[in-house]
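Just so you know, these numbers come straight off a predicted model, no measurement behind them.
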Amino acid sequence: MERGSKSSPPQPDCSTLRPVRTWILAGFVSCSLLASGPAQAQKDGAQDQVAADHMSQGRWLEAAQVLRELVASAPTATRVFNLAQAERNMGALADAKRHFRECLERARLEGKTPVEQAAAASLKDLEGKVPYVTVELDPRAEEVEVRVDGRVVHLDPENGLEVNPGTRQLMVSAPGYERFERAVSAGVGERVQVKVSLSRASKPHSDAGADASKDAAGDSSLPPTASLILGGVGIVAVAGGGYMFLRTKSKFDEASALCPCTEADRPEFESLVDEGQSSQLVGGVLVGVGAAALGTAALLWVLEDKPTSTTQVGVVPVAGGMQAAFRTSLF
C-alpha cells in the first residue's frame, strides 16, 4: 500500500435490493393473514373471561348474553355447557336442556370426556322438571303455524313441546281462520294441555310471519349502506397500498442506480433505501386493512341482500345466534 493512500469506504450492500418483488408479494400475504384468525381468537378468549367473571358473581343473564354470542361465532362443548349452566340458573329450563344435549354431542366429537359426563349428569338432573305443553289443534285447519312468545316452533309427534317455566303467549294461525291467542302458565314439572279452537275468518288474515316477510322484503330494496361504506374504505386502502408498493420499487430502483456508490453518494443511497422500506411497510398495512374491509363488505352485502323467505313454519330467525338451528328454540 502506498504511503498516504486511504482505504476505500465499505460499499453499500446492493444485494438487499434484489428481492423487492418477493417482499412486496409477502407483504400482501402476511397482512391478509394478520387481519383474520389470531385477532378473533384473542377476542373470543377475552369474552370467555368476561362470561366467567359474570358467572362467578352470579350474573347469569349477563353471562348468558356473552356466551350466546360466543356459541354463535365459535361453538365448543365447554362454551355450550357454560351457556346451559347460565340458563338453568336463570330458570330457563327448556333452553338449558336443549343446550346440555348439544354439549353432550359436541363433547363426544371433541373427545372431552369430563364435559360429556357433566352434561349427562345435568340432563339427568333436569328430568321431569321442564314444563311440557300439549297443543290440541283443530283438525279442520291446514298449514297451521304455532308460535310461542312470537317465535315459530315445531311440535313433536305428540303435538307438544317443552317450554321455560312461567307465562307464555301461545299463538296459532292458519289460512282462512282467525288467529288464536292465549296466555299459558306452566310451572316446573307441570304438563299443560291447550285446546285450540279456530273460527272461520271473514277474509284472509295475514299472519305476523307474512307481515314480517313483507317488511323485510321492502327493506331489502334499500341500499346496503354499511357494505358500501366498508367497500369504499377497502378500495381506497388497497389502492393506497398499491401506490406505496410502486413507490417502494421506485426508491429501490433509484438506490440501485447509485451502485456501486462513492462515499459522497452514501447518504443519498441510505435515504432512498429507508424511504423504500418505509413505503413497503405502509403499503403492506394498507393492503391488509383494505382486504379485511372488502371481505367484511362482501359478507354484509350477502347478508343484507338475502331475501326473506315467505311464511313457513320454522324459518323465522331466532335471536341469539345458534338458537336458530334448533326446531324447539323458544326463549
Side-chain angles (χ1 to χ4, degrees), residues 36-133 148-157 160-166 168 186-191 314-331:
S36 55
Q40 185 61 44
Q42 185 176 7
K43 180 180 177 182
D44 289 346
Q47 289 295 90
D48 282 323
Q49 185 58 52
V50 170
D53 292 341
H54 285 315
M55 295 179 72
S56 66
Q57 298 296 323
R59 298 190 294 266
W60 306 113
L61 177 60
E62 292 83 351
Q65 291 172 342
V66 175
L67 288 165
R68 285 192 186 102
E69 294 179 0
L70 285 170
V71 168
S73 61
T76 64
T78 302
R79 286 170 178 163
V80 176
F81 181 82
N82 289 338
L83 174 57
Q85 279 189 309
E87 290 170 335
R88 178 176 58 185
N89 285 289
M90 288 165 52
L93 302 186
D95 290 347
K97 184 175 180 179
R98 174 168 52 80
H99 281 122
F100 277 131
R101 285 175 176 168
E102 181 188 351
C103 171
L104 193 65
E105 296 175 1
R106 287 188 177 277
R108 288 170 180 168
L109 292 174
E110 296 173 14
K112 295 181 178 179
T113 303
V115 178
E116 178 184 350
Q117 293 173 345
S122 298
L123 283 171
K124 185 176 181 181
D125 181 65
L126 285 175
E127 287 182 3
K129 295 181 180 179
V130 182
Y132 185 84
V133 176
V148 175
D149 290 348
R151 298 175 183 174
V152 174
V153 298
H154 291 274
L155 303 179
D156 62 22
L161 72 159
E162 294 180 326
V163 299
N164 291 329
R168 305 294 162 206
V188 176
E190 289 187 353
R191 298 180 69 89
V315 297
V316 174
V318 175
M322 287 296 291
Q323 294 184 10
F326 297 91
R327 288 172 169 263
T328 57
S329 175
L330 301 179
F331 318 109

- Item | For A119 against F81, the heavy-atom pair lying closest together |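 That closest heavy-atom pairing would be N-CE1, 3.7 Å.
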
- Message: For V163 versus V130, what's the shortest heavy-atom pair and its separation?
- Response: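 Shortest heavy-atom contact: O-CG1, 3.7 Å.
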
- Task: Apply the test side chain to side chain contact (heavy atoms under 4.5 Å, CB included) to residues N164 and D95: give CA-CA distance (whole Å), side-chain angles for both, the deciding distance (0.1 Å), then the verdict.
- Result: CA-CA 7 Å; N164 291 329; D95 290 347; 3.3 Å; yes

Atom pair [atom1]/[atom2] of [X] and [Y] - distance to nearest 0.5 Å:
{"X": "D149", "Y": "R168", "atom1": "CG", "atom2": "CZ", "answer": "5.0 Å"}
{"X": "T76", "Y": "R106", "atom1": "OG1", "atom2": "CZ", "answer": "8.0 Å"}
{"X": "E116", "Y": "E105", "atom1": "CD", "atom2": "CD", "answer": "10.5 Å"}
{"X": "Q42", "Y": "Q47", "atom1": "CD", "atom2": "CD", "answer": "12.0 Å"}
{"X": "R101", "Y": "S122", "atom1": "CZ", "atom2": "OG", "answer": "13.0 Å"}
{"X": "L126", "Y": "E162", "atom1": "CG", "atom2": "CD", "answer": "9.0 Å"}

Taking C-beta and beyond as the side chain, do [X] and [Y] meet within less than 4.5 Å on heavy atoms?
{"X": "V188", "Y": "P131", "value": "no"}
{"X": "L104", "Y": "L123", "value": "yes"}
{"X": "R88", "Y": "D125", "value": "yes"}

- Item | Q85 and N82: CA distance, side-chain angles, deciding distance, side chain to side chain contact (heavy atoms under 4.5 Å, CB included) verdict | CA-CA 5 Å; Q85 279 189 309; N82 289 338; 3.5 Å; yes

- Message: What verdict does the salt bridge (Lys or Arg N to Asp or Glu O under 4.0 Å) test give for R68 and E87, after you've listed the backbone C-alpha separation in whole Å, the side-chain angles of each residue and the deciding distance to 0.1 Å?
- Response: CA-CA 10 Å; R68 285 192 186 102; E87 290 170 335; 3.5 Å; yes

- Item | NZ/NE/NH1/NH2 to OD/OE distance under 4.0 Å, E102 and K97 |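 Salt bridge absent between E102 and K97.
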
- Message: Please determine whether side chain to side chain contact (heavy atoms under 4.5 Å, CB included) holds for the pair V66 and H54, giving the CA-CA distance in whole Å, both sets of side-chain angles, and the decisive distance to 0.1 Å.
- Response: CA-CA 9 Å; V66 175; H54 285 315; 4.2 Å; yes

- Message: With no hydrogens and no angle check, just 3.5 Å: does a side-chain donor-acceptor pair link Q57 and D53?
- Response: no

- Task: Evaluate side chain to side chain contact (heavy atoms under 4.5 Å, CB included) for M55 paired with L67, printing each intermediate quantity in order.
- Result: CA-CA 11 Å; M55 295 179 72; L67 288 165; 4.1 Å; yes

